[in-house]
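As the structure is a computational prediction, the values presented were derived from the model and not from experiment. We name chains A, B, ... by the order of the sequence lines, and we start the count at 1 in each one.
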Amino acid sequence: MSHKYDASLANKIEQKWQKYWDEHGTFISKDYVVGKEPFVVMDMFPYPSGAGLHVGHPLGYIATDVTARFWRMNNKNVLHALGYDAFGLPAEQYAIKTGQHPRKTTEENIQNMRKQLKMLGLAHDPTRTFATIDPGYVKWTQWIFKQIYNSYFDEELQKARPISELLEKHPEWKELPKKELADILNEFRLAYISYSPVNWCPGLGTVLANEEVTAEGKSERGNFPVFKRNLKQWSMRITKFADRLDDDLEMIDWPEKVKMMQHNWIGKSQGAFIEFDVDGGHKLKVFTTRPDTIRGATFAVIAPEHPLLEFATEDVTQYVEVAKSKSAIERQQDAGKKTGEFTGLFAVNPITKRKLPIYVADYVLMGYGTGAIMAVPADDKRDEEFATIYNIPIEWDYQKYSTVEDAISELEKIGCGEGTTTFRLRDWLFSRQRYWGEPFPIVYDEDGVAFVLDDSMLPVALPEVPDFAPKSFDPTDADSEPEPPLGRNDAWKVVELPVDKNGTLIAEGSQEAVGQKTFTRETNTMPNWAGSCWYYLRYLNASWGDEMPGCVAPENAEHQPNAVVDKSLEEYWLGPEHNSTVGASGGVDLYVGGVEHAVLHLLYARFWHKVLRDLGYVSSLEPFHKLFNQGYVQAFAYTDSRGVYVPANDVTEQDGKFFYKGQEVSQEYGKMGKSLLNVVTPDDMAKQFGADTFRIYEMSMGPLDLSRPWETRAVIGAQRYLQRVWRLMIDEESGELNVSDKSADEETKRFLNKSIAAVKAEMSSMRPNTAISKLIELVNFLTQWKQKNGMVPAEVAEVVVKMTAPLAPHISEELWSKLGHTDSIICVDFPSVDEAYLVDDVISIGVQVNGKVRDTLTISPSATQEQFEQEAKKLPNVAVHLEGKQILKSIVVPGRIVNFVVK
RNA sequence: GCCUCAGUGGCGAAAUGGUAGACGCAGUGGACUUAAAAUCCACCGUGGUAAAACACGUGCCGGUUCGAGUCCGGCCUGAGGCACCA
């Protein structure tokens with residue numbers, strides 16, 4: 001029997017070690033390990049779809065796994081786990097398609113994905129996994145909602161504080177009728193109900209957050225039209241945190257691109273509010289970033305939704321109606337073509353006293369600033385355009401204030417303006433008319449007053465409903481009404497709960513209970529972002545406090561049964577300065593995922609984290625200290641003459657042309673997808689080459705943050721590398737270990753130590769591709785050495801195996817055990833460098849004449865500058881170029897370069 | 001329009017301002033083999049040469065420097081983000 005390292009042997013080895021890891025709990029990480037720095041490495045957790053994985057999906061997972069294993073071998077206590085994001089639209093739509101309950105299909109998908117990922121040898125802690133749909137998880141999502149609901153933003157402290165503190169500051173509110181008090185508090189709560197313009201998407205049958213609507217005014221999912229509608233919905237006051245979300249970007253190690261995207265999304269801009277007197281005793285408040293240009297204002301513009309229109313003396317109703325009915329996409333298309341109407345009103349410029357006609361125009365948006373502007377056509381392109389169309393005079397020559405500050409202080413002096421800051425960020429619309437999401441822990445009494453449920457009543461589980469499909473509409477029917485599926489179960493919706501003598505909802509079994517009252521549950525559900533807002537905290541105590549079967553309290557945890565996360569665990573794993581790299585922000589040490597979440601998930605999670613910190617539940621300032629965006633694996637797809645996709649697998653290339661069944665087809669490059677017939681799965685690759693080979697290939701394709709084309713035929717290179725590693729120490733005939741107990745010679749030691757230094761450096765900075773190339777160089781060197789000298793020393797073989805371990809863990813475990821070790825290689829120390837062997841006897845450097853390399857100098861690195869110069873001059877080809885020339889200057893950088901400047 | 005980022009062999013890509021193309025795929029030639037596969041060795045930017053030498057070469061044009069893929073200025077192309085945000 002052959003003991004060649006081929007796919008079938010690789011698969012045997014892989015199964016053997018995966019079983020071993022399972023049985024030995026190898027990947028379980030302990031809290032509070034003495035003498036090791038904690039280090040949290042995680043992926044943006046997957047959304048398990050019915051389609052299964054293609055080779056692009058695990059790229060990030062393999063990268064974090066390699067990193068986690070590397071740091072584990074470098075004396076860090078690594079936490080590396082994976083949960084599943086499982087609420088949300090795709091699961092629901094898949095369920096509707098298959099006619100099965102989303103819980104069933106979702107759980108099947110999770111099982112399937114677990115199986116696919118396990119095959120890759122990912123070292124995820126099995127005790128820290130979960131799905132966002134687990135009742136024990138939902139409970140805490142609802143619990144966090146409660147914290148946000150029960151908080152307000154203290155402007156003085158610039159912090160979230162419990163709403164009870166606000167009540168203490170306003171004893172007079174106690175006397176108010178409950179409905180009135182509820183309305184007042186609603187104005188303060190960080191989670192609140194509002195009746196305001198929201199994004200209504202009839203095609204999906206739900207409202208959407210601004211972040212979920214594209215620039216074209218379509219839903220990000222499904223690409224359906226979205227309409228602005230006044231609807232009663234839940235929102236979160238993320239705008240109160242705009243400044244902190246913006247400022248704190250500075251303390252985190254994220255790609256500049258993502259920081260910039262968040263910065264732009266928050267859209268802070270400094271300027272001034274200016275108040276203009278309007279006839280009839282009205283006031284017009286505008287926002288401008290250029291108060292210094294106020295003397296050049298020749299008119300004012302208000303948005304079609306502006307309240308001042310009520311007093312318009314000209315009839316502008318038709319214009320306003322048309323403008324309001326325009327969808328975002330129409331507005332987008334009409335951008336540039338300025339339209340508007342004179343309102344008949346005039347505003348008085350407080351500085352020049354000039355009377356400015358007030359126009360209504362849809363180029364001014366109600367949602368930004370005050371929904372009104374002063375127009376300075378001389379200094380603003382848009383205003384100029386408008387002025388030109390409507391023949392409004394333009395004041396080309398006017399006196400500007402020398403600075404914005406000057407203008408503001410002048411305005412403040414006369415009492416008609418003040419400096420201010422506005423943000424583009426809007427509050428986060430938080431309710432959805434879906435079935436497959438977390439129910440709100442909210443009930444309403446007979447007066448429609450909202451009450452939040454007691455902790456003991458959590459989790460509020462999803463009811464069975466006759467039909468979980470969302471009520472969707474003709475995508476263009478803007479007047480349709482949202483209709484939450486949870487409303488279809490009256491038995492669930494209407495609930496009897498204990499109340500005190502004031503009719504206020506209280507805890508089950510409370511002393512003050514005087515009886516039960518009928519309440520109606522909130523039937524909206526939370527957006528799928530809710531679960532992903534805090535899952536990184538769940539890894540710290542994954543099955544804690546959820547009353548789930550098999551729930552185990554974390555070892556050594558200080559129990560805080562009333563909080564989402566054990567505070568001491570949070571401080572240990574995520575706290576500020578919890579290790580030498582994380583900095584003052586604290587948070588997850590490494591977070592890897594696609595750039596598509598730049599402003600959605602990442603912004604929402606930061607917001608929740610800040611609220612939790614203000615309330616004292618976490619010590620870190622930010623959830624994710626270092627963010628890394630991996631690239632995408634892309635693929636070629638092929639279409640025939642009809643434009644129909646043909647299986648990419650069966651396409652052959654000849655002279656740069658592509659053929660399928662003898663017919664020429666055309667190539668395109670892009671995503672991998674079922675419909676494009678170009679999917680390659682990790683399962684296939686593992687079967688064809690082995691999981692270790694697949695891992696090595698994915699890591700060697702190029703830098704992690706770059707997108708790259710998939711090329712199955714190139715995978716063989718990774719397999720050849722592992723085969724050489726195998727052959728270096730195993731006899732392919734007998735399968736026996738074949739190394740010597742001699743010690744390595746000097747040359748080998750030098751090569752080895754240089755390789756260790758290089759691999760360590762590359763791995764530390766997340767460049768597995770170059771780490772692998774250094775490893776290949778080492779193995780190629782040793783392969784040649786073995787041919788000349790016979791068996792490789794065991795001490796050398798061990799170093800090779802250790803360095804390979806993070807990248808190809810199964811084969812490394814196998815070789816490690818064959819080398820006579822009984823422990824798993826996962827916690828063995830990564831090889832250390834013997835500095836003495838980093839210095840060479842001789843080095844070879846380039847010698848230039850006038851900056852052109854003419855020869856190579858082989859010399860001792862300890863040679864003097866003089867020797868470098870003299871020896872360089874003697875080189876034949878250098879001598880040729882120096883002959884008959886005058887040396888003006890000799891540049892000698894010892895160990896680097898010699899350059900003669902001649903004339 | 002504004003803001004990021006990126007352009008290097010046939011392909012994926014390497015290069016603290018110091019010998020451009022490491023490493024891998026594909027390709028060419030050779031060794032081994034009855035043969036093939038596998039393995040091992042050599043070559044592999046373009047022109048040029050018997051081989052060298054030599055010339056050119058990191059999107060384009062300039063600049064700084066003894067020396068530029070790398071730094072600076074100006075373009076071109078591509079990708080991504082934002083976009084009537086006052």
Give a yes/no answer on whether the side chain of A:K903 brings an N or O atom under 4.0 Å of OP1 or OP2 in B:C66. no

A:N899 (side chain) and B:C66 (base): donor-acceptor pair under 3.5 Å: yes

Does A:H881 reach a base, just sugar-phosphate, or nothing at all? Heavy atoms under 4.0 Å. sugar-phosphate

Quick one: what's the B/S/- string for nucleotides 8-14 of chain B, heavy-atom cutoff under 4.0 Å, read 5' to 3'? ----SSS

Is A:R606 close enough and on-axis enough to A:W428, meaning under 6.0 Å and within 45°, for cation-pi? no

Between A:K852 and A:V595, which has a closest nucleotide on RNA chain B that is more 5'? A:K852

May I ask you to establish whether A:R727 and A:Y5 are in a cation-pi arrangement, using a distance under 6.0 Å from NZ or CZ to the six-membered ring centre and at most 45° from the ring axis? no

Annotated protein contacts, base or backbone, on nucleotides 37-46 of chain B with a non-hydrogen cut-off under 4.0 Å, one of B, S, - each: -SSSS-----

In whole angstrom, give the distance that lies between atom NZ of A:K259 and atom C1' of B:C3. 16 Å

Remember a base hit wins even if backbone is also touched, and classify A:N850 as base, sugar-phosphate or nothing at under 4.0 Å, heavy atoms. nothing

With rounding to the closest Å, how many angstrom separate the P atoms on B:A35 and B:A26? 24 Å

Need one value for A:S890: base, sugar-phosphate or nothing, where a base atom within 4.0 Å counts as base even if backbone is also close, heavy atoms only. nothing

With a 4.0 Å cutoff (strictly under), does any side-chain N or O of A:R854 reach OP1 or OP2 of B:A55? yes

Of the nucleotides B:A86, B:G81, B:G18, which one has an atom closest to the side chain of A:V893? B:G18

Nearest-nucleotide wise, let me know which of A:V901 and A:D855 is further upstream toward the 5' end of RNA chain B. A:D855

Winner on side-chain proximity to A:D362, out of B:A86, B:C84, B:C25, is B:C84

With a 4.0 Å limit, can you tell me whether A:K889 has a side-chain N or O closer than that to the phosphate oxygens OP1/OP2 of B:C66? yes

When all nucleic acid strands are considered with a 4.0 Å heavy-atom cut-off, which category describes A:E777: base, sugar-phosphate, or nothing? sugar-phosphate

Bracket notation of RNA chain B in which parentheses pair within the strand, [ ] cross earlier pairs, and | pairs with another strand (Watson-Crick or G-U, under 3.5 Å): (((((((..(((.....[....))).(((((.......))))).(((......)))..(((((..]....))))))))))))....

